[in-house]
Amino acid sequence: PAIDLNVIAARPTASGVTLSLYSATQREATVTLLDDGRTFPGQLLAGIATHLDLTGLQADRVYRYRVSAGASSVTRWPAPA
């Protein structure tokens with residue numbers, strides 16, 4: 001089956017993370033941190049990985065998040081380190 005929406009990489013920094021998102025179609029997306037409700041909007045391009053920076057995060061902390069784009073969503077519940 002075709003992949004409609006996916007998080008294909010997460011690159012941590014000292015105060016945030018960069019998510020690489022893939023979408024089969026061009027559309028707006030929102031990353032929501034499930035622990036505190038902060039949101040990070042972005043524009044996804046069709047068939048091209050788009051990088052979205054989530055800033056203002058604490059180092060060495062696990063964050064749960066959801067990427068929503070129209071009717072599609074991806075939720076990540078990372079295991080504690």
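Keep in mind the model is a prediction, meaning the values are calculated, not measured.
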Of all heavy-atom pairs between Leu33 and Tyr63, which one has the smallest distance, and what is that distance? CD1-CD2, 4.1 Å

Ala69 to Leu44 - nearest heavy-atom pair and separation: CB-CD1, 4.5 Å

Which side-chain N or O atoms in residues 51-62 pair as donor and acceptor under 3.5 Å with protein atoms at least two apart or in another chain?
from	atom 1	to	atom 2	distance (Å)
His51	ND1	Ser20	OG	2.9
Asp53	OD1	Thr18	OG1	2.6

Partners meeting side chain to side chain contact (heavy atoms under 4.5 Å, CB included) with Ala49 (sequence neighbours left out): Ile8

Output every pair passing salt bridge (Lys or Arg N to Asp or Glu O under 4.0 Å) with a member in residues 20-30, not counting sequence neighbours, ordered by first then second residue. Asp4-Arg27

Pairs where residues 11-21 contributes a residue and the test salt bridge (Lys or Arg N to Asp or Glu O under 4.0 Å) is met, not counting sequence neighbours: none

Take Val74 and Tyr65 through the side chain to side chain contact (heavy atoms under 4.5 Å, CB included) test and state the conclusion after the steps. CA-CA 8 Å; Val74 175; Tyr65 62 90; 5.9 Å; no

Judged by atom type as modelled, is there a donor-acceptor pair below 3.5 Å linking the side chain of Thr13 to the main-chain atoms of Gly16? yes

Any side-chain to backbone donor/acceptor pair from Thr32 onto Leu34? Under 3.5 Å, distance only. no

With Arg66 via salt bridge (Lys or Arg N to Asp or Glu O under 4.0 Å) - residues at least two apart: none

Walk me through whether Asn6 and Leu21 qualify under side chain to side chain contact (heavy atoms under 4.5 Å, CB included). CA-CA 6 Å; Asn6 202 2; Leu21 308 172; over 6 Å; no

What side chain to side chain donor-acceptor pair (under 3.5 Å) pairs are there with at least one residue in residues 37-50, not counting sequence neighbours? Asp36-Arg38

Rounded at 0.5 Å granularity, tell me how far CZ in Phe40 sits from OG1 in Thr30. 11.0 Å

